[in-house]
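Worth saying up front: this structure is predicted, and the values here are computed from it rather than measured. Heavy atoms only: backbone and side chains are in, while hydrogens, waters and symmetry mates are out.
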Amino acid sequence: ENFLAEKFLNFLPVNRRKKFEKLKRKIDRDNCVISHLIMTFALKESDVKNFEIVIGENGKPFLKSGEKFFNISHCSQGAAVAVADLPVGIDAQEKNGFNERVAKRFFSEAENDFIRSVSDKEEVFTRLWTLKESVIKCEGKTLADIGGFSFENYEKFFEKYEKKFSCLCEKNVLISVCGNEYFDEIKIVKT
């Protein structure tokens, strides 16, 4: 609540500052800055030398040097980043209800059967969404492609679509990571 994102704007590249200026809610503006700062920290920790970021197809950011790959995600409760040697996707969402209309539209019949079979529909719905988001972000696809991936079940660590998936949780936030390795530690910054 005391975080002033504006103090850190000079650390952001021009494209990130433009994104920041378009955001209306304080939490979104704060997370825009925080996620960039933790991404920078994580890349430095991974010995990245060239921090020039370019925006690729479908808006996916990547390092121009190709030294490492990264992905960021944020929700109202915080931000998360994943750094890897090969493409990676991460999604963090707080559990905030089960939306049957969204499930029917974007989830497969098997996924909807899975949701109906469990008592905690909210958790499974959110986990499935984060898994779908993580794989489309890893592959540089868009939300229009989200229906092409189906997770009729999952474990903490599992393989599907020739990728490795990691399912983590921090309090009320579910985090899914998709890549060519498993992740058991995600750096989370609370806003």
Side-chain angles (χ1 to χ4, degrees), residues 13 15-16 19 28 31-32 35-36 38-40 42-43 45-46 48 50-75 78-95 99 102-115 123-170 173-188:
N15 65 336
R16 196 73 176 172
K19 180 177 181 176
D28 295 332
N31 277 328
C32 177
S35 61
H36 182 80
I38 64 170
M39 179 222 34
T40 302
L43 289 171
E45 200 173 65
S46 297
V48 168
N50 182 348
F51 282 83
E52 187 177 352
I53 296 172
V54 293
I55 306 301
E57 188 178 350
N58 299 323
K60 182 174 174 69
F62 63 94
L63 291 172
K64 186 174 184 179
S65 67
E67 290 178 73
K68 293 279 184 179
F69 293 85
F70 69 91
N71 199 238
I72 57 176
S73 181
H74 48 81
C75 59
V81 62
V83 176
D85 291 330
L86 294 168
V88 63
I90 187 169
D91 192 51
Q93 299 283 328
E94 58 272 301
K95 292 192 289 185
N99 188 324
V102 169
K104 283 182 180 177
R105 181 173 178 198
F106 293 104
F107 291 5
S108 69
E109 188 175 328
E111 288 170 319
N112 278 294
D113 288 346
F114 180 31
I115 293 170
E123 176 149 344
V124 172
F125 171 81
T126 305
R127 175 62 71 199
L128 293 176
W129 186 265
T130 63
L131 286 167
K132 288 172 167 285
E133 282 258 7
S134 72
V135 71
I136 65 170
K137 290 171 78 175
C138 179
E139 295 193 359
K141 297 189 179 286
T142 68
L143 277 176
D145 302 306
I146 205 163
F149 300 98
S150 181
F151 299 91
E152 41 289 332
N153 57 46
Y154 55 83
E155 297 175 37
K156 185 171 182 174
F157 300 105
F158 68 97
E159 292 186 33
K160 190 163 185 167
Y161 302 114
E162 299 178 12
K163 301 284 186 206
K164 293 183 178 182
F165 290 86
S166 305
C167 298
L168 303 153
C169 183
E170 175 67 23
V173 177
L174 299 182
I175 302 160
S176 294
V177 187
C178 172
N180 286 50
E181 63 186 277
Y182 291 120
F183 290 78
D184 59 3
E185 181 183 352
I186 304 291
K187 298 202 181 298
I188 300 170

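For S176 and S134, the side-chain atoms include no donor-acceptor pair closer than 3.5 Å.
Minimum interatomic distance between E67 and V48 (heavy atoms only, all atoms of both residues): OE1-CA, 3.5 Å. K68 and S46 get closest at one heavy-atom pair: CE-O, 3.6 Å. Residues V102 and W129 come closest through the heavy atom pair CG1-CZ3, 4.0 Å. Contact between Y154 and C167 at its shortest, heavy atoms only, is CD1-SG, 4.3 Å.
In terms of modelled atom types and a separation under 3.5 Å, the side chain of K156 and the main chain of S166 share no donor-acceptor contact. The backbone N or O of D28 sits nowhere less than 3.5 Å from a side-chain atom of N31 that would complete a donor-acceptor pair. Counting only distance, with no hydrogens or angles, the side chain of N71 and the backbone of I90 share a donor-acceptor pair below 3.5 Å. Panel note: side chain D145, backbone K141; no donor-acceptor pair is recorded below 3.5 Å.
Remark: K160 is positioned above the aromatic ring of F151, its terminal NZ or CZ atom under 6.0 angstrom from the ring centre and at most 45 degrees off the axis.
Checked against Y182 for a ring-ring contact (aromatic ring centres under 6.0 Å, His included), the options F158, F165, F157 give a single hit: F157.
A search for side chain to side chain contact (heavy atoms under 4.5 Å, CB included) contacts involving E123 returns K95, D120, L174, not counting sequence neighbours.
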